[in-house]
Amino acid sequence: MNSEQNVVCAKTPVRVRNPHIKSLSVDHLYHIALDTSDINKLETLFGDVKFVCFGGSPSRMEGFVDYINRELGLNENGHCPQNYAAGTDRYCVYKAGPVLSVSHGIGMPSLSVVFNEIVKLMHYAKCRDVTFFRIGTSGGIGVEPGSVVLTEKAVDGEFSHFYKMFILGKRVERPAIVDEDLIRDLEACGRDDDDFQTVKGTTMCTEDFYECQARLDGAFCDFNEEDKMAFMQTLKDHNICNIEMESLGFLALCRHAGIKGAVACVTLLDRLKQDYITVDIPKLKLWQLRPQMLISRYIKKKIGAEFG
Ligand SMILES: O=P(O)(O)O[C@H]1O[C@H](CO)[C@@H](O)[C@H]1O
Ligand SMILES: O=c1cc[nH]c(=O)[nH]1
C-alpha cells in the first residue's frame with residue numbers, strides 16, 4: 001500500500017504497518033521504558049486512550065496532564081501524575097483519563113522515535129478512534145505574538161510538503177496531509193472572548209532553530225539582515241504564518257499510521273521583528289497554555305458528543 005492509498009479512518013484500531021512485529025516474543029518500547037511482557041497490563045492501563053497530545057518539553061507535558069485532569073474533573077485528590085516512562089529520561093508519558101500526554105523533544109528525529117513507540121503502545125493496548133495532537137511553540141511571521149496557529153499545511157525549508165527520510169539507502173518521501181475537518185473543528189474551539197487570536201496557516205518546519213530559521217543570533221551565520229528579510233518576504237509570499245521543527249514529520253507520520261492528527265502552536269515572537277525570544281517566563285507559561293486550551297475544549301466536546 002502506498003501512502004496516498006493510506007486513507008485515515010477514525011473508526012479503525014491503531015494499526016502497526018510492520019509484519020515483523022508479530023514474531024517478537026516481547027516488544028521493547030525502549031525509549032519510553034515499557035514492554036509487552038504483560039500485554040494485558042498495557043491494555044488495562046492504556047486501552048481507553050482516545051487522544052494523544054505531544055509537545056516538546058517534559059515539564060510542559062506534565063503541566064498539560066494536570067491541566068487536562070482539572071478540565072475533565074479527574075484526579076480530584078491532587079495526586080502527582082505518574083510518568084509511565086519514568087524508567088528513562090528520554091521522554092515522558094502521562095495519562096489523564098482518555099488523554100495521553102507525551103514529550104517529543106526537539107526536531108523530527110526525536111519526534112519520530114517516540115511516535116513509533118506510542119503508535120505501537122496504542123496498538124498493543126487495543127486503542128480505537130485515537131486522535132493525535134502536537135501542542136507546541138513556534139516563531140510567528142507577521143502574526144501577533146501569543147497567537148495560536150493551526151497548521152493547515154506543513155512544508156519544509158524548500159516549501160515541499162513531503163517528509164523525507166533515508167531507508168535502506170533510498171530516499172523515501174511521505175506527504176504531510178492535514179485533516180481539514182479536524183482543523184475546522186479546532187478552529188471552532190476558539191472563542192470571541194479569548195484574549196488571543198487563533199488563525200489557520202501554513203507552517204514551515206525546519207531542521208534547526210538557528211540558521212534554518214534564518215536567525216542571525218546562532219553560533220553560525222553566513223547571511224546578513226538583508227538576506228534574512230528577503231527570505232522572510234519569501235515566507236510571506238508562501239503564506240507561511242509560523243516556523244517550528246516537528247509539524248511536517250508529525251503530520252506525515254499521522255497520515256502514514258492512519259491516525260487523525262493536527263498541530264496547534266502558539267507564536268512566541270514575530271520573526272519579522274526579532275530573532276531572540278524575549279517573552280518573560282510567566283507570560284511564556286500563559287501563552288503555552290493557549291493551544292492546550294483549544295485542544296482541551298475539543299477533547300471535552302468530543303468526550304461529550306461521542307464517548308460520554
Ligand atoms: O515548543 P516545542 O513543542 O518544543 O516546539 C518548538 O520549540 C522547539 C525549539 O525551541 C522546537 O521543538 C520547536 O518545534
Ligand atoms: O522561533 C521559534 C520559536 C519556537 N520554536 C521554534 O522552532 N522557533
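Start at 1 and go down the list; that is how both ligands and their atoms are numbered. Given the structure is predicted, the values throughout are model-derived calculations rather than measurements.
Using cut-offs of 30° and 60° on the angle between ring planes, the pair F51 and F133 is parallel.
Where the criterion is an N or O separation shorter than 3.5 Å, residue side chain and backbone included, I135 fails it with respect to ligand 1. Among the atoms of S57, none of the N or O lies under 3.5 angstrom from an N or O of ligand 1.
Within ligand 1, counting atoms from 1 as listed, the ones closer than 4.0 Å to a heavy atom of T137 are 1 (O), 2 (P), 3 (O), 5 (O), 6 (C), 7 (O). Close contacts of ligand 1 with E244, meaning ligand atoms under 4.0 Å from a residue heavy atom, involve 14 (O). Close contacts of ligand 1 with G136, meaning ligand atoms under 4.0 Å from a residue heavy atom, involve 3 (O). Of all atoms in ligand 1, numbered sequentially from 1 with element shown, those under 4.0 Å from a heavy atom of R60 are 1 (O), 2 (P), 3 (O), 4 (O).
Checked against the 6.0 Å centroid criterion, the rings of F46 and Y124 do not qualify as a close aromatic pair.
A salt bridge links K95 to D48: one of the charged nitrogens lies within less than 4.0 Å of a carboxylate oxygen. Of the charged side-chain nitrogens involved, none lies within less than 4.0 Å of a carboxylate oxygen, so that D194 and R191 do not count as a salt-bridged pair. Under a 4.0 Å N-O distance rule, the pair R290/D195 qualifies as a salt bridge.
Protein residues having a heavy atom under 4.0 Å from any atom of ligand 2 are T137, S138, G139, F209, Q213, R215, I243, E244, M245, L269, I277, listed by chain and number.
Compare Q288, E246, H104, M108 by their heavy atoms: the one nearest to atom 13 (C) of ligand 1 is in E246.
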Residue pair Y84, Y94: steps toward the ring pair (Phe, Tyr, Trp, His ring centres under 6.0 Å) verdict
CA-CA 6 Å; Y84 290 94; Y94 295 98; 8.2 Å; no
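Of the protein's heavy atoms, F209 CD1, 3.7 Å lies nearest to atom 9 (C) of ligand 1. The protein atom (non-hydrogen) at minimum distance from atom 4 (O) of ligand 1 is G56 CA, 3.3 Å.
Between the side chains of N242 and S138, at least one donor-acceptor pair of N or O atoms lies under 3.5 Å. Remark: the R15 side chain and the H123 side chain contain no N/O donor-acceptor pair separated by less than 3.5 Å. Checking E244 against S247 by side-chain atom types alone, a donor-acceptor pair falls below 3.5 Å.
Look at R134 and you'll find a heavy atom under 4.0 Å from some atom of ligand 1.
The cationic atom of R174 (NZ for Lys, CZ for Arg) does not lie both less than 6.0 Å from the six-membered ring centre of F162 and within 45° of the ring axis.
Contacts classified as side-chain hydrogen bond (donor to acceptor under 3.5 Å, both in side chains) and involving residues 266-278 (residues at least two apart or in different chains) are given here: K228-D275, R271-D275, Q274-T278.
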